[in-house]
Peer 1: 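Below is one structure. I have some questions about it.
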Amino acid sequence: MSLATRSRKRRSLKLMKKFAFFAASLGTFVPDSGAIASSIKYHAEFTPSFSTESFELPKAFYATAESVRDMLIINWNLTYNYYEKINVKQAYYLSMEYLQGRALLNAIGNLELSGPYAEALKKLGHNLEDVARQEPDAALGNGGLGRLASCFLDSLATLNYPAWGYGLRYKYGLFKQLITKDGQEEVAESWLEMGSPWEIVRNDVSYPVKFYGKVIFGPDGSKKWVGGENIVAVAYDVPIPGYKTKTTVNLRLWSTKVAPEEFDLGAFNAGDHAKAYAAIKNAEKICYILYPGDESIEGKTLRLKQQYTLCSASLQDIIERCERRSGESVNWENFPEKVAVQMNDTHPTLCIPELIRILMDVKGLSWKEAWDITQRTVAYTNHTVLPEALEKWSLELMQELLPRHVEIIRMIDEELIQTIIAEYGTEDLDLLQQKLKQMRILDNIELPESVAELFVKSKENSVVDPIEEVDISDETIPTGEEEGSEEQEVEETNEVTSEPDPTLPKLVRMANLCVAGGYAVNGVAEIHSEIVKNEVFNDFYELWPDKFQNKTNGVTPRRWILFCNPDLSKIISKWTGTEDWVLNTEKLATLRKFADNEDLQSEWREAKRRNKIKVASFLKEKTGYIVNPDAMFDVQVISFQ
C-alpha cells in the first residue's frame, strides 16, 4: 500500500469517526407506538391521497410511509446542514438506474422502529406486513448495476459518509411483466400512478439542458453553445436512511419538462394539437422509460438525451452547491478537494466533456485548467469485460445533438494521442499505430495533422531510390533474392496507415473516454478488476497502473438478511453473540465453530420451514396451487442487466 493510499485511508477513517460522533449527537428521541399511530392518523386525514370514508390497506400504506418520511426529513436536513456548515468534501454517485426495492420496511428497520410501527398499525386495525405489501417497487432500475447503486447509497449513509446519488425519474420504468395464457406481455410500469410518498419535488431546483444548436465565438474569444432545443430538469429528492445512525443521504432524481411558453397556444386553437404540445412531449419523454429501444435513430437519440440530461443537470447542481458552500469566490483549483464524481458504468460518461464545458465556457477557465480539474474529479466503475459491450456512440449523432461536446472530446482525444506518443515514442511506428488504434477515444477517425505526418514520412522514407542507395562496383552486384526481400520490406512498411476506413462507422468510445478523463477505474470484484487490468484496458493499465483499483461489489445485509429474514437473523445474532454482523459481515465467520452443533442445525431448519410455509401460502394466494412446505424448494430469481 502506497504512502498516499495509507494517508487517504487515515483521513477517511477520521472523517467517518467525526460523522459518527455528529450522527450520535443529533438526538435520542424515539417515538413510541402511540405517537406513531397519531402521526399515521394525521397523514391519513391531512395528507390525503384517498377519500376520508375508510382506512383500507392502500391508504394505510401511504399514511404510514408519510409518517416515516417526516422523521427522515428531520435527520436529512440536520445531516446536510452539518455538511454545509463544515464544507466537507462530498461524493456524488451518478447512475442511470437504481434498483431500490420497497422502502417502507427498510426505512423503519434502519430507524430501529419496526416494533413500534407494527404495534401502531395493529392499534389501527392493520398488520405491518400487509401494509408493506401495498408499496409498488420504484421502477428506477433493472439489474445488478442498479442494485449496486442502491446498496452503495445504503452503505454510504450507514457509514456516515457525505454523499449524494443522482438519477432520472422514470415515469413508466423499464416494463411490467405479465404472464398470460399467450405467454409474456410487457406493459408500462404504474409505480407513480398514485404518486410516491417518499419523494419531495423541489420546484425551486431546476436547470436548463440544451440539445442541438451551434457553437459560436463570443466577443472575448470564448466558445458559446447557442440555439437548439432547450428543456428544464426539475429535482425530486428521496431520503435514504443509514442503519443505527441519524445520517440520511439524498437520491436526487431529475424529471424533464419545458417552460409553459413552449406550449403553442396559437397552433392549439387552430386545431393543430400535435404541433401545440410537441415541445412538451419531446421534453417529457426523456424520462418516460429506462433504456428505451435503440434500434431506430429516434431511440438512439432519446438514449443519448437521457444520458446528457443526467450529466448536465447533476453537474450544474453539484457546482451550484459547491459555490454556495464556498462563499463568494471559488478556487477552482481546489474543486477536486471538495467534489468527487463517481460514474456507474459508461452511461454518465458525458460528465467529462460537460464538466469541461461548464468550467471553460461558463466559468472562464482555460482548457489546461479545466482538463486538469476534470481528471482529478471524476472516477469510473466498469461493469462489463466484453469489448463488444463497451458503449460506443455514433460521432455523427453526437455531433448533431451535442456539437460543443464533440469539440471537447476531440481535444481530449488529441491530449491522449500526445500522451501515447510521449510514452512510446516514434521509433517503432507499428507499435505506435497499434496503441493508437486500441486506445484512442475516436474510432475510425483521422489523426490530427501533426501526428498523421509521422506516418506519411514513414511511407516516404521507406521508398528508397536504388540508384542512390546501390554502390555500383564489382563487389556489390545486387541479386534477385536481395531485390525481392527489399520489395517485401517496403510493402510491409507501407501497411502503416492512419487513414479511416470509409466502410466503417465513425464512433466515440465512451469507456476509453472514462479511463482517460478520470483519476480512477475500478471493477466490482477482484477477479473482474484483474480482467479489466490484464485484458479489457491492458493498454491503459500499462500507461497508468495507479488508476486501476478494485471495489468488491457487496449487498447490504440489512435489507437482504436482517429485514427480509428476521427468524434467521435472530439465530445468527444468538449464536454469534452479537448483532454487530449486520454492520460487519466478517463477524459471521464465528458461526463456523458451530457448524456441527445439533441445536443450531435444529433452529436453522425450523426457521427455514417457517419461511417455506410463508412461500406456500403466498403461492396459494397468487396462483391457487397448494405446495407441500416439506418439499424441496428450488427458487430462481432472474436479474436482468
Side-chain angles (χ1 to χ4, degrees), residues 27-76 100-138 154 190-200 238-246 248 556 558-570 573 579 582 607 610-611 613-618 620-622:
T28 57
F29 169 72
V30 178
D32 58 21
S33 60
I36 290 172
S38 296
S39 175
I40 293 172
K41 287 192 288 185
Y42 169 84
H43 282 289
E45 184 173 356
F46 295 106
T47 318
S49 299
F50 301 85
S51 61
T52 59
E53 285 78 15
S54 61
F55 189 66
E56 301 299 328
L57 281 172
K59 183 175 182 178
F61 161 68
Y62 276 85
T64 302
E66 285 155 352
S67 76
V68 176
R69 190 185 70 180
D70 289 348
M71 284 178 278
L72 297 184
I73 290 175
I74 293 170
N75 293 344
W76 185 23
Q100 291 287 90
R102 293 172 175 171
L104 179 59
L105 293 181
N106 191 72
I108 62 175
N110 279 357
L111 291 169
E112 299 181 274
L113 291 173
S114 299
Y117 264 92
E119 291 177 23
L121 284 167
K122 190 174 182 180
K123 292 177 182 178
L124 298 173
H126 289 297
N127 176 276
L128 174 58
E129 284 195 9
D130 292 336
V131 170
R133 285 198 200 100
Q134 304 303 307
E135 180 175 6
D137 276 301
D154 180 281
S190 57
W191 75 289
L192 286 176
E193 192 68 18
M194 299 295 296
S196 169
W198 304 109
E199 65 182 19
I200 298 98
V238 180
I240 309 294
Y243 176 67
K244 286 191 174 182
T245 176
K246 300 293 185 181
T248 303
T556 163
R558 274 79 65 187
R559 176 182 287 273
W560 298 110
I561 303 180
L562 182 64
F563 304 145
C564 76
N565 200 337
D567 287 347
L568 177 60
S569 300
K570 288 174 184 176
S573 297
E579 292 184 354
V582 179
R610 285 194 295 272
N611 286 332
I613 290 171
K614 290 181 181 178
V615 173
S617 175
F618 174 81
K620 183 179 179 182
E621 177 189 336
K622 294 295 182 182

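Predicted model, so just to flag it, every value in this text is computed and none were measured.
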Peer 1: Tyr62 side chain to Thr47 main-chain N or O, any donor-acceptor pair under 3.5 Å?
Peer 2: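 Looks like no, no N/O pair under 3.5 Å.
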Peer 1: Is the number of heavy atoms from other residues, nucleotides or ligands within 6.0 Å of NZ (Lys570) greater than 12?
Peer 2: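 No, because the 6.0 Å sphere around NZ of Lys570 holds 12 heavy atoms or fewer from other groups.
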Peer 1: According to the interplanar angle, ranging from 0 to 90°, do the rings of Phe55 and His126 count as parallel (below 30°), tilted (30 to 60°) or perpendicular (above 60°)?
Peer 2: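 The arrangement is tilted - the two ring planes meet at 30° to 60°.
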Peer 1: So, do Tyr117 and Val131 sit near enough that their side-chain heavy atoms are less than 4.5 Å apart?
Peer 2: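 They are not in contact (no side-chain heavy atoms under 4.5 Å apart), so the answer is no.
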Peer 1: Among Leu124, Ile40, Ile108, whose side-chain contact (heavy atoms from CB on, under 4.5 Å) with Thr64 holds?
Peer 2: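 Exactly one option meets the side-chain contact (heavy atoms from CB on, under 4.5 Å) with Thr64, and it is Ile40.
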Peer 1: So, Asp567 and Asn611: side-chain donor and acceptor under 3.5 Å apart, yes or no?
Peer 2: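 Asp567 vs Asn611: no donor-acceptor pair found between side chains.
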Peer 1: Quick one: does Ser573's side chain have a donor or acceptor within less than 3.5 Å of a partner on Ser569's backbone?
Peer 2: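 Yes.
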Peer 1: For Ser33 and Pro116, which heavy atoms make the closest approach, and how far apart are they?
Peer 2: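 Nearest heavy atoms, Ser33 then Pro116: CB-O, 3.5 Å.
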Peer 1: Please say which of Asp154, Asn106, Asn110 ends up in a side chain to side chain donor-acceptor pair (under 3.5 Å) with Arg558.
Peer 2: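 That would be Asp154.
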Peer 1: Within the 4.5 Å heavy-atom criterion, are Lys244 and Val582 side-chain neighbours or not?
Peer 2: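 No - every pair of side-chain heavy atoms lies 4.5 Å or more apart.
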Peer 1: Say whether, by atom type as modelled, one donor and one acceptor occur between the side chain of Lys246 and the main chain of Ile74 under 3.5 angstrom.
Peer 2: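 Judged by distance alone, no pair lies under 3.5 Å.
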Peer 1: Would you find more than 12 non-hydrogen atoms of other residues, nucleotides or ligands less than 6.0 Å from Glu112 atom CD?
Peer 2: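 It does: Glu112 CD has more than 12 such atoms within range.
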Peer 1: Looking only at heavy atoms, which two atoms of Ile200 and Pro239 are closest? And how far apart?
Peer 2: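 In this case the closest contact between Ile200 and Pro239 is CD1-CD, 4.2 Å.
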Peer 1: Would you say the side chain of Ser39 lies within less than 4.5 Å of the side chain of Asp70, judging by non-hydrogen atoms?
Peer 2: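 Yes; the side chains approach each other to less than 4.5 Å.
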